[in-house]
Amino acid sequence: MSDDVLLRATDVVKSFASRRRVKGIRSLNTAVNGVSLEVKRGETLGIVGESGCGKSTLARCLVQLLPVTSGHVEFNGVELTTLSRRQLRPHRREMQLVFQDPYASLNPRRTVGDIVADPMRINKIGSDAEINARVRELFQTVGLDPTALRRYPHEFSGGQRQRIGIARSLSLNPSLVVADEPVSALDVSVQAQVLNLMTDLQDEFKLTYLFIAHDLGVVRHVSDRVGVMYLGEIVELGEAEALYETPLHPYTEALLSVVPELNDTDAPRRERIIISGDVPDPADRPTGCSFHPRCPVATDLCTTEKPDFVELRPGRFVACHHPRNLEAVAPIT
Amino acid sequence: MSPEETPTDAVLSVRDLSVSFATRQGVVRAVDGLSFDVGTKEVLGIVGESGSGKSVAMYSMLGLVRDANVSISGSVRFEGREILGLSDTEMQSVRGGEVGMIFQDPMTALTPVYTVGWQIVEQLRAHNDMTKKAAYVRATELLAEVGIPDPKSRVNHYPHEFSGGMRQRVVIAMALSCNPKLLIADEPTTALDVTTQAQILDLMGRLQAIHGSSIVIITHDMGVIAEIAHRVVVMYAGRPAEIGPELDVVRSARHPYTWGLLGAVPRADVKTRRLVTIPGNAVSPLEVPTGCAFAPRCQYRMDICAERPPLRGARDHLDACWLSDEQRLEIRSTVTVRGES
């Protein structure tokens, strides 16, 4: 593995046994269907997709909170999927999570100081005095008053709680922080504070982020590269600015075209592509390309043959038989 | 806008609406002096963060706030008729009849134990003299109109058999069933994915063009406002901070809170550098300052901000801020108000 790749996923599949029967057969609900990606050191890889696309399941598989059904996850050059719980432990320190719901992700019966100190206590890092000093330092780092250590989570606002969650995730000096919808429960003004904080922390501590969200604006803002998920698969992945400016996959194109815009300039609005219908049931996946039933440019080929996920343009991977806007992006030479 | 002025074409005219709750900790002024008009066929957006009072304002004017400790004052005229203080029975004929409502969560807006057809029929028959059979036919037509495939069979399905987007279509069908003059939509797309949101906003726009209803849309999302509203009310701590035509407010916002709100949005259409943040948290409803409610978080605050600023401005673009036009020009020329690069 080249040195600049921190995490590499190869063909990760995660299926859950479904209670439902599709066509008489007890089906498998394949939440993640063959995802391959690399997270480079120091970058933010954003994963964006609508609800049910498998982005959270993917995150959980990557950090081994869920066992993968098949596929490989390498972290710092070590294959994680075959390790025992005990063997995993030293690697877990290196990858920490920030969760969506700042209410559910903090134990209401512990003080916020304890919540931030717990990872260090569990990993037996430092003496009590050292841990205490570190907690105070972390509180300052994330913009909280260190004198509030003895308070309980309910005494804090949503934004402050998310800062506590971030402080906890940083307590073990991880190299990778996986943030699953870290700002979607917050009001826009508070969301901006937390996003700016996360950017500052990344610079200060050389963190690598895997940032999962459904908000296309948030993902563009924080990401260096972005992967777009649909029905358990990454359909397009590339450098954030290029992908947002010239989407190649018809799903990305449609998704970006319908984000409400502020029309605060005279620049013409992207032509809206409203795709009809709903996302199919992952237990009853369409044949061929998963997006074909809703795709405005699908052909017969798309109904029968699943497109490969290939590098169509430098650094831009797309799974589509009929990519869009190809002429607008310089080809691989 | 003085209280005496009531444009003749206003479908809804709200003057000095205040809603307060007596709590053990003190009086919570959830809405404090809100005035606006909704014209015929106009889409008015009310935007604000959680706790800004945008939903309470709407619910209280429709008699949906049934708290023993609430006190509501002001005037709400619907088609010239005062509706604040109507009896329950009188209000029931307004709600669901001439005023349709669309709620945020389409699952809780529908009862899970009856078919969607039954629920639409119930509403149709409550407001119209219709046979059950005719009402079912109409319910099927309505489902077709809001784009539900196979309406003849879907009319007999239960809410849980629909996806979120389809459920919201059912709620819209119900809201439209009695040809309302006014539609009140409280965060109608917040629970939906962006592609589904686009479908619903598109549907609301098309239906509005056909039926000519006026719409009040309550949302926290400036993008949704820009997409659908003609005019916008920006609320902060129960008070209107700024009111004006949508384009004016988005492109030449006057109130520092609106600047913050617009600059804090990470954009999907343009590259944003550092986001503009509003320091601190929303003010506690128990501790709203007597002066400008936004002053404690405002970086341009002056001594005079200890007094409550009136809502004033040129023509139809009003704001409640003590800054002079010169000061605003200067601020806007020296700082990035929007999150542009």
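Each chain gets a letter, A, B and so on, in the order its sequence line appears, and its residues count up from 1. When reading the values below, keep in mind they use all heavy atoms of this one structure, side chains included, and skip hydrogens, waters and symmetry mates.
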Check your understanding: What is the ring orientation for A/H249 with A/Y251, classed by angle as parallel under 30°, tilted 30 to 60°, or perpendicular over 60°?
Key -> perpendicular
Practice item. Determine the option with the most heavy-atom pairs under 4.5 angstrom with chain B, choosing from A/L256, A/V279, A/V258. Key: A/V258
Practice item. Would you please say whether a donor-acceptor pair under 3.5 Å links the side chains of B/R297 and B/Y236? Key: yes
Review point. Can we say A/R220 and A/D215 salt-bridge, meaning some charged N sits less than 4.0 Å from an Asp/Glu carboxylate O?
Key: no
Point to revise | Portion of B/L247 that has a non-hydrogen atom of chain A nearer than 4.5 angstrom | key: side chain
Review point. How about B/R239 and B/V288: do any of their side-chain heavy atoms sit closer than 4.5 Å?
Key: yes
Point to revise | Engaged part of A/I274 at the chain B interface, taking heavy atoms whose separation is under 4.5 Å | key: side chain
**Study point:** Toward chain B, the part of A/S157 with a non-hydrogen atom under 4.5 Å
**Key:** side chain
Review point. Is there a side-chain contact between B/V194 and A/H214, using heavy atoms and a 4.5 Å cut-off?
Key: no
Point to revise | Atom group of A/L195 that falls short of 4.5 Å from chain B, counting heavy atoms | key: side chain
Exercise for review: Return the option, out of A/R294, A/R270, A/E261, with the maximum number of heavy-atom pairs under 4.5 Å with chain B.
Suggested key: A/E261
Check your understanding: Hey, is A/R151 close enough to A/D145 for a salt bridge, meaning N to O under 4.0 Å?
Key -> no
**Study point:** Heavy-atom contact with chain A under 4.5 Å, split by part of B/P149
**Key:** neither
Check your understanding: Any luck finding a side-chain donor-acceptor pair between B/E49 and A/S189 under 3.5 Å?
Key -> yes
Point to revise | Proximal component of A/N196, with respect to chain B [non-hydrogen, under 4.5 Å] | key: both
Review point. Do you know which of A/A192, A/A254, A/A240 has the most heavy-atom pairs under 4.5 Å to chain B?
Key: A/A192
Check your understanding: So among B/Q104, B/E227, B/Q197, which one has a side chain to side chain donor-acceptor pair (under 3.5 Å) with B/T189?
Key -> B/Q197
Check your understanding: Is it the backbone or the side chain of A/E241 that comes under 4.5 Å from a heavy atom of chain B, or both, or neither?
Key -> side chain
Check your understanding: Is B/V116 close to B/R154 at the side-chain level, that is, under 4.5 Å between some pair of heavy atoms?
Key -> no
Check your understanding: Relative to chain A, which of B/D269, B/T277, B/I278 shows the most heavy atom pairs under 4.5 Å?
Key -> B/D269
Point to revise | Side-chain ion pair, A/E239 and A/R225, N-O less than 4.0 Å | key: no
Check your understanding: Have B/Q199 and A/S276 got a donor and an acceptor in their side chains that come within less than 3.5 Å?
Key -> no
Exercise for review: Please list, in residue-number order, every residue in residues 159-168 of chain B that has a heavy atom less than 4.5 Å from any heavy atom of chain A; write 'none' if there are none.
Suggested key: B/S163, B/M166
